[in-house]
2 protein chains.
Amino acid sequence: MSLNEKITIADIAAHAQVSKSTVSRVLNETTPVAADKREAVLAAMAALNYKPNVFAQSLASGQSLSIGVLTQNFGSPVYDVIMRGVLLRLEETPYSPLFADGRWHPETEQKAIETFLDRRVDGLILIGGYCPEEALEETARRTPLIIVGREVSGLPNHCLNVDNEQGAYAITRYLIDLGHRDIVHITGILAHEDAAQRLQGYRQALLDVGIEPHPDLVIEGNFRRQSGMMATEMLLLRGRPFSAIFCANDQMAFGARLALYRRGIRVPDDVSLVGFDDQPDSAFMTPPLTTMRQPAEEMGRMAATAVLQLIKGVSPDLPLFQTELVIRESVSRHH
Amino acid sequence: MSLNEKITIADIAAHAQVSKSTVSRVLNETTPVAADKREAVLAAMAALNYKPNVFAQSLASGQSLSIGVLTQNFGSPVYDVIMRGVLLRLEETPYSPLFADGRWHPETEQKAIETFLDRRVDGLILIGGYCPEEALEETARRTPLIIVGREVSGLPNHCLNVDNEQGAYAITRYLIDLGHRDIVHITGILAHEDAAQRLQGYRQALLDVGIEPHPDLVIEGNFRRQSGMMATEMLLLRGRPFSAIFCANDQMAFGARLALYRRGIRVPDDVSLVGFDDQPDSAFMTPPLTTMRQPAEEMGRMAATAVLQLIKGVSPDLPLFQTELVIRESVSRHH
DNA sequence: CTGTTAGCGCATTCAT
DNA sequence: ATGAATGCGCTAACAG
């Protein structure tokens, strides 16, 4: 309320007739305090509208009560939701998030991580990224670290992931069950575990019903709309017939949809189209897109919970999240 | 590099044969220091890989070198880009961003602002929000404040906005020039200045060519896809003919597109469709959406620059940003 | 249970 | 130009 509040524990100590230590104690609940003194302190804090100085707290305690969150490209669909999950979970705690954008540049990521460390974050959450694995392992040695959406072989119990292979398997299997045989797969950047695992799920589903995956039906994209469009155009040029396209994410499905539209190919009458991620716009594509839903927000929350556990010294167990098939009008039975 | 670095200015003072004060001086360039001593200090800092402790710095100086950024709903199209702009600009400075998500809840926003203040941010950037104006004015009195995407009458030179009316005018005028006369407008939440201004631009454009805006052709939406869809369905039920729809944002245009699709109405053959914002997916709608581009990232950068100026005590001048018409295949001449 | 005493790492007078 | 001395606001032994 008042404009210039420089209230310190000394003030409330005086007001409550106790020592600064006692004030600190009721503040941190670090040691039992007599009920009456406790009340007095609380009353004084309320009366004077006391706000602890975080810097002093951090300096004295060595804890910053902040955790660094590194994402790649603000505004990208799934990561934003993961971040929201982190945020929401953190709001339930005394920790505040510090954010940075790695932009998929290893150097930028490293710099951001350094900045976080300089700011003495108590923990670190990394979402995706291209940062070399050794650097990550080094970082993990220095501070509590959770990585989501990426598998670092040297840090098995620091990574939080979705079961991409199972998801891709299920969605491919779904198309097969609809009678499709010539199913295209537009992959993500295959250097990403996500993309590789989805490709693997796709292949396995085909193999399991005795279909040999055809190389002409697999095209590598880069997870972006543009690449979905170009991949589809290339596919059309190739001339090999197909009745369904499975894109490794919704973005590329949007691109594919546009390419088909421009060629006058109807969805799902002429070809069925499915994506992965279930980003919000999927439900509003024309026609609405069949896709796989990732529990992104849930993963964010879990990531936050996990770092907090690491900070407390307990080693969290990180589940493999499952996806959920969301069926919409972009697919139909193949005759 | 080393795992346990607790290097303080005392260490480097010893290493460089000078006093701690001198070290502090070369660190902050606050007072001239003899060249040789200066070199020695720099060398020592490099050798020991010294990192200043931000908490100690902040505690002693009273500056946090952090600025609070409050957005509404992580993952919403335009705001995310504005945030990216803020981030990028801040990366060029010693300031770090602190983020929070207001979720369009005044209480949440207030709480977030309080948290920022508790963290002693040196400045505040608010993106959108429903926080009552008095609260904002109060906040502006306590700390450097910039508000983007919102007009607070009591804080004219703290607000950063786009010229919504002009943008809506231009886009409506464009449809008129294509021969459209019965142009629908699906508005945003009219309590938002954005939405009200866009509606005003739409009306003015019609009036300027002698068309009396018809109430049946204006429907209030809420900026979300779903509302664009419902508004369009309602419109179709009303039965009043129209040849074009102007949605107050792209999201609602996506919803409108879906409603038209489900009714078998072709775009742009049967009706032309335009949006506002030029969010990335617009270019991949089928057909690609004609829309108005906001310089969102630029606005974010400017917002950051402006708070920094406020912090330095200079009052920034905040331009009214202009939009740019992006013409794509969702519109055609009306015959 | 509680008060006293030291720092935490740095910026900033104040002398020199 | 530089060093010594205070203090920022709080936590954490340390005694009682």
Side-chain angles (χ1 to χ4, degrees), chain A residues 4-42 44-45 48-66 94-96 117-122 311, chain B residues 2 4-42 44-45 48-66 94 96 117-122 311:
Chain A
N4 255 348
E5 0 186 357
K6 288 260 177 193
I7 317 285
T8 76
I9 50 172
D11 297 317
I12 82 116
H15 194 98
Q17 313 269 40
V18 298
S19 72
K20 297 196 302 177
S21 321
T22 302
V23 177
S24 175
R25 283 175 186 126
V26 340
L27 207 50
N28 303 293
E29 296 177 329
T30 172
T31 297
V33 168
D36 55 337
K37 299 201 183 267
R38 181 188 166 72
E39 297 296 326
V41 169
L42 257 20
M45 299 206 298
L48 301 183
N49 186 26
Y50 167 72
K51 304 287 181 133
N53 181 314
V54 261
F55 303 130
Q57 287 184 147
S58 296
L59 182 56
S61 71
Q63 298 225 323
S64 67
L65 289 187
S66 70
Y95 289 83
S96 287
L117 262 24
D118 289 355
R119 292 245 162 199
R120 306 291 202 277
V121 294
D122 295 329
I311 290 173
Chain B
S2 50
N4 255 348
E5 0 186 359
K6 288 261 177 191
I7 318 285
T8 76
I9 52 172
D11 297 316
I12 82 114
H15 193 98
Q17 314 268 40
V18 298
S19 72
K20 298 196 300 178
S21 318
T22 302
V23 177
S24 177
R25 283 173 186 127
V26 339
L27 207 50
N28 302 294
E29 296 175 332
T30 171
T31 297
V33 167
D36 53 337
K37 298 199 184 273
R38 181 188 166 71
E39 297 296 326
V41 169
L42 257 19
M45 299 206 299
L48 301 183
N49 187 25
Y50 167 74
K51 305 285 181 134
N53 181 313
V54 259
F55 303 130
Q57 286 184 150
S58 296
L59 182 57
S61 71
Q63 297 226 323
S64 67
L65 289 187
S66 68
S96 288
L117 262 23
D118 289 354
R119 292 244 161 199
R120 305 294 201 278
V121 294
D122 294 329
I311 291 174

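Lettering of chains follows the sequences in order, A, B, ..., and the numbering in each one begins at 1.
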Participant: Determine to 10° how strongly the helix from dC1(C)-dG16(D) to dT16(C)-dA1(D) is bent, judged from the axes of its five-pair ends.
Facilitator: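 Terminal axis comparison yields 40°.
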
Participant: Which residue pairs pass the side-chain hydrogen bond (donor to acceptor under 3.5 Å, both in side chains) test when at least one of the two sits in residues 9-18 of chain B, sequence neighbours left out?
Facilitator: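 Listed once each, the pairs would be none.
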
Participant: Quick one: how far along DNA chain C does chain B reach, first to last nucleotide 5' to 3', anything under 4.0 Å to a heavy atom?
Facilitator: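 Both ends considered, the range comes out as dG9(C) to dT13(C).
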
Participant: Under the side chain to side chain donor-acceptor pair (under 3.5 Å) rule, collect the residues that match up with S19(B), sequence neighbours excluded.
Facilitator: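 S19(B): side chain to side chain donor-acceptor pair (under 3.5 Å) contacts with T22(B).
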
Participant: Can you list everything that forms a side chain to side chain contact (heavy atoms under 4.5 Å, CB included) with A14(A)? Sequence neighbours excluded, please.
Facilitator: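 Side chain to side chain contact (heavy atoms under 4.5 Å, CB included) check on A14(A) returns nothing, list empty.
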
Participant: OP1, OP2 of dT2(D) versus side-chain N and O of S19(B): anything below 4.0 Å?
Facilitator: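 It does not, given that no N or O in the side chain of S19(B) lies less than 4.0 Å from OP1 or OP2 of dT2(D).
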
Participant: Let me check something: any side-chain donor-acceptor pairs from residues 26-39 of chain A under 3.5 Å, sequence neighbours excluded? List them with distances.
Facilitator:
{"unit_1": "N28(A)", "atom_1": "ND2", "unit_2": "S24(A)", "atom_2": "O", "d": "2.8"}
{"unit_1": "N28(A)", "atom_1": "ND2", "unit_2": "S24(A)", "atom_2": "OG", "d": "3.3"}

Participant: S66(A): which residues meet the side chain to side chain contact (heavy atoms under 4.5 Å, CB included) condition with it, sequence neighbours left out?
Facilitator: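 Expected list: S64(A), L98(A), V121(A), R119(B).
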
Participant: Take nucleotides 8-16 of chain D nucleotide by nucleotide from the 5' end and write B, S or -, depending on whether a protein heavy atom sits under 4.0 Å from the base, only from the sugar-phosphate, or from neither.
Facilitator: BBBBBB---

Participant: Could I get the full list of side chain to side chain contact (heavy atoms under 4.5 Å, CB included) partners for A40(B), not counting sequence neighbours?
Facilitator: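 If we apply the side chain to side chain contact (heavy atoms under 4.5 Å, CB included) test to A40(B), skipping adjacent residues, the hits are A16(B).
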
Participant: Under the side chain to side chain contact (heavy atoms under 4.5 Å, CB included) criterion, do Y50(B) and V23(B) qualify, and how do the steps go?
Facilitator: CA-CA 11 Å; Y50(B) 167 74; V23(B) 177; 5.7 Å; no

Participant: Once you round to the nearest 0.5 Å, how far does CD1 of I12(A) lie from CE of M45(A)?
Facilitator: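 The distance works out to 5.5 Å.
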
Participant: List the atom pairs, donor and acceptor, that lie under 3.5 Å between side-chain atoms in residues 52-62 of chain B and the rest of the protein, sequence neighbours left out.
Facilitator:
{"unit_1": "N53(B)", "atom_1": "OD1", "unit_2": "F55(B)", "atom_2": "N", "d": "2.8"}
{"unit_1": "N53(B)", "atom_1": "OD1", "unit_2": "A56(B)", "atom_2": "N", "d": "3.1"}
{"unit_1": "S58(B)", "atom_1": "OG", "unit_2": "V54(B)", "atom_2": "O", "d": "2.9"}
{"unit_1": "S58(B)", "atom_1": "OG", "unit_2": "Q63(B)", "atom_2": "O", "d": "3.0"}
{"unit_1": "S61(B)", "atom_1": "OG", "unit_2": "Q57(B)", "atom_2": "O", "d": "2.8"}
{"unit_1": "S61(B)", "atom_1": "OG", "unit_2": "Q63(B)", "atom_2": "N", "d": "3.1"}

